[in-house]
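Owing to the predicted nature of the structure, the values given are computational and were not obtained by experimental measurement.
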Amino acid sequence: MEDKQLPKNEFVREQIKEKPKNYKHIWMRLCTAALCGVVFALALCFTLLFLMPMLHRQWEKSVVEEVTEGTQQPVATEETEATQVQESTQIQVQKEPFSLKDYQKVQSELYAIGNQANHSIVTITSVVSDTDWFNNPYEREGQGSGAIIGDKSGKLLILTEKKVIKNASEINVTFSNDVVAPATLMKYDGNTGLAVLTVDKKDIEESALASSKVIEMGSANTVHKGSIVIALGSPLGTNDSILIGNITATNNEISTLDSNYSVYTTDIVANKNGSGILINTDGELVGVVMQDYNTASSSTLTAVGISELKPVMELLFADRNVPYVGVYASTVTDKIAEKYGIPKGVYVKEVAMDSPAMDAGLQSGDVILKIAGEEVASVGAFSSVVLGLTPDESYQVIIMREGTGGYKKISCEVKAGVLQ
């Protein structure tokens with residue numbers, strides 16, 4: 001019935017059929033996926049069982065090498081850390097300028113150092129008997145300061161200057177807690193003016209012994225231009241003073257008999273008759289105030305380095321006389337010898353009156369080559385030999401003296417003396 005209703009010109013009759021399923025292709029894809037899964041599983045097992053242990057061992061080896069390299073270069077790490085700390089400190093300083101409170105804190109710390117060292121400082125009172133215009137006897141007192149520099153054989157050794165106790169018939173020492181005890185002069189050096197007093201510990205109260213202490217010795221290596229120093233004693237003539245200042249020069253030199261001493265100049269105000277010591281910021285003794293050696297300005301404090309005074313101090317501590325020959329000298333360096341044609345040695349600038357050197361016939365212009373069999377090429381070497389001589393014993397001195405035909409070698413005999 002339907003067929004009969006189709007148009008007459010239709011000559012094709014189309015019919016759509018379902019596409020048949022390809023089961024073979026489906027199985028091929030399933031097999032391929034399964035095979036890929038098996039390969040992935042095998043690769044994972046290989047990685048876990050073989051490759052991972054190898055990688056772990058290689059990692060441990062690299063860590064050990066890095067640690068080894070780090071221990072071989074500790075200095076660089078420390079330097080880097082130090083540089084970082086320094087840079088951070090500089091940044092901090094720039095951000096936080098020095099204030100008045102900081103300055104006051106520094107001053108307080110310096111005064112605390114001085115107060116602690118004052119337990120080694122004593123006040124020396126000398127009683128001098130004299131007569132007035134009418135020959136009436138009377139007594140006058142003088143005061144100065146000293147430092148406890150030793151404890152020997154039941155006695156305290158106190159270093160001071162001879163001028164503090166000059167012509168004294170009685171000497172008393174006042175300790176930091178105001179306890180007073182008698183003292184006696186043991187030895188002094190007429191050249192430097194240093195003197196050593198002794199105080200018997202049996203004459204000192206227990207409280208004073210407990211509060212007093214022997215001051216520690218410093219070194220010249222800790223003192224240079226600009227160093228902060230603390231003056232103790234009576235640099236201004238007032239006892240128990242603490243003055244703070246700076247070293248302004250260390251290259252000044254004073255010529256004394258048989259030796260030359262380096263003098264420290266400071267910006268600390270002082271009195272011509274002042275006495276005392278200089279300590280560094282560690283509380284160590286670095287200089288002895290000696291205003292008699294002040295060639296620049298009597299209004300500022302001058303001190304002689306403790307290192308140069310030690311040889312003289314050791315003789316005084318041992319209760320021995322300090323020997324002397326009696327010449328003012330300077331060193332003939334290579335440059336001076338070449339320029340002026342002077343033999344190398346110790347050039348005699350001046351001979352002291354009534355000295356052993358004058359008695360031996362030494363003259364200004366002589367050049368000392370040897371003394372007591374020891375060659376002396378500098379004033380320092382000459383001073384060391386002289387301090388080792390025995391007073392009242394004679395020694396040979398070899399000198400070069402200039403004459404009409406040039407310098408000639410001469411031998412002299414000098415008897416070591418003691419300067420009063």
Side-chain angles (χ1 to χ4, degrees), residues 161-163 188-194 249-265 288 290-296 298 302-305 307-313 315-316 321-337 339-372 374-389 391 394-403 407 409-420:
E161 288 187 90
K162 180 65 166 58
K163 67 179 184 180
Y188 75 92
D189 176 27
N191 183 25
T192 60
L194 292 178
T250 59
N251 57 352
N252 295 324
E253 191 175 75
I254 185 73
S255 182
T256 66
L257 290 176
D258 305 329
S259 184
N260 294 334
Y261 292 105
S262 296
V263 176
Y264 300 150
T265 59
V288 179
M290 304 180 80
Q291 287 298 93
D292 291 340
Y293 288 173
N294 196 335
T295 58
S298 59
T302 297
V304 177
S307 298
E308 297 191 0
L309 293 175
K310 276 183 179 179
V312 175
M313 292 168 57
L315 291 175
L316 298 177
N321 289 320
V322 180
Y324 92 111
V325 172
V327 296
Y328 295 93
S330 61
T331 302
V332 180
T333 61
D334 292 334
K335 186 176 181 180
I336 294 175
K339 184 175 181 179
Y340 298 101
I342 303 175
K344 289 185 61 178
V346 177
Y347 182 82
V348 178
K349 298 186 295 184
E350 183 182 349
V351 178
M353 293 293 294
D354 301 324
S355 65
M358 177 170 282
D359 295 338
L362 269 68
Q363 301 175 7
S364 299
D366 291 344
V367 179
I368 302 174
L369 303 180
K370 285 186 178 181
I371 180 170
E374 298 285 340
E375 292 187 0
V376 287
S378 65
V379 176
F382 176 74
S383 178
S384 298
V385 175
V386 170
L387 291 177
L389 302 180
S394 297
Y395 300 91
Q396 186 185 43
V397 180
I398 305 298
I399 64 172
M400 295 292 288
R401 178 171 294 172
E402 188 177 18
Y407 280 93
K409 186 178 292 186
I410 299 176
S411 177
C412 304
E413 288 289 330
V414 62
K415 180 186 286 187
V418 178
L419 185 63
Q420 300 299 326

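- We find the CG-SG distance between Asp359 and Cys412 to be 12.0 Å, quoted to the nearest 0.5 Å.
- For the atom pair Ile399 CD1 and Ile410 CD1, the distance stands at 5.0 Å (nearest 0.5 Å).
- Side-chain contact check for Leu309 versus Tyr261: some heavy-atom pair is nearer than 4.5 Å.
- Scanning both residues, Ala357 and Gly326, for their nearest heavy atoms gives CB-O, 3.9 Å.
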Residue pair Ile371, Val346: steps toward the side chain to side chain contact (heavy atoms under 4.5 Å, CB included) verdict: CA-CA 11 Å; Ile371 180 170; Val346 177; over 6 Å; no

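- Counting heavy atoms from C-beta outward, Met400 and Tyr347 have side chains that stay 4.5 Å or more apart.
- For the pair Asp354 and Met358, the tightest heavy-atom approach, listed with the atom from each and the gap, is N-SD, 3.6 Å.
- Put simply, the side chain of Asn191 gets close to the backbone of Leu257: a donor and an acceptor are under 3.5 Å apart.
- Residues Pro323 and Leu315 approach most closely at CD-CD1, 4.0 Å, considering heavy atoms.
- The backbone N or O of Asn260 sits nowhere less than 3.5 Å from a side-chain atom of Glu253 that would complete a donor-acceptor pair.
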Test log, rule side chain to side chain contact (heavy atoms under 4.5 Å, CB included), inputs Leu194 and Val322: CA-CA 11 Å; Leu194 292 178; Val322 180; over 6 Å; no

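- The environment of Gln363 atom CD is dense: over 12 non-hydrogen atoms of other residues, nucleotides or ligands sit within 6.0 angstrom.
- Between Val348 and Ile368 the shortest side-chain heavy-atom distance falls below 4.5 Å.
- Interatomic distance, CG of Asp189 versus NZ of Lys162, reported as 11.5 Å (0.5 Å rounding).
- Heavy-atom minimum distance, Lys370 versus Val376: N-CG2, 4.1 Å.
- The CD atom of Glu375 lies 14.5 Å from the CZ atom of Phe382; values are rounded to the nearest 0.5 Å.
- The stretch residues 339-348 participates, sequence neighbours left out, in these salt bridge (charged side-chain N to carboxylate O under 4.0 Å, His left out) pairs: Asp334-Lys344.
- Atoms OH and CD, from Tyr188 and Gln420 in turn, are 4.5 Å apart once rounded to the nearest 0.5 Å.
- The main-chain N or O of Thr331 is never found under 3.5 Å from a side-chain atom of Ser378 such that the two would form a donor-acceptor pair.
- Counting only N and O atoms by type, the side chains of Asp258 and Ser383 include no donor and acceptor under 3.5 Å apart.
- A search for side-chain hydrogen bond (donor to acceptor under 3.5 Å, both in side chains) contacts involving Tyr328 returns nothing, not counting sequence neighbours.
- For the pair Asp366 and Val351, the minimum side-chain heavy-atom distance is 4.5 Å or more.
- Among residues at least two apart or in separate chains, there is no salt bridge (charged side-chain N to carboxylate O under 4.0 Å, His left out) pair with a member in residues 409-420.
- Counting heavy atoms from C-beta outward, Val327 and Leu362 have side chains that approach closer than 4.5 Å.
- Thr256 places none of its side-chain heavy atoms less than 4.5 Å from the side chain of Thr192.
- In this structure, OG in Ser259 is found 11.0 Å from CD1 in Ile254, a value given to the nearest 0.5 Å.
- Annotation for Pro311 and Ser307: closest pair CD-O, 3.8 Å, computed over non-hydrogen atoms.
- The minimum heavy-atom distance between Pro391 and Asn321, with the atom names listed, is CG-CB, 4.3 Å.
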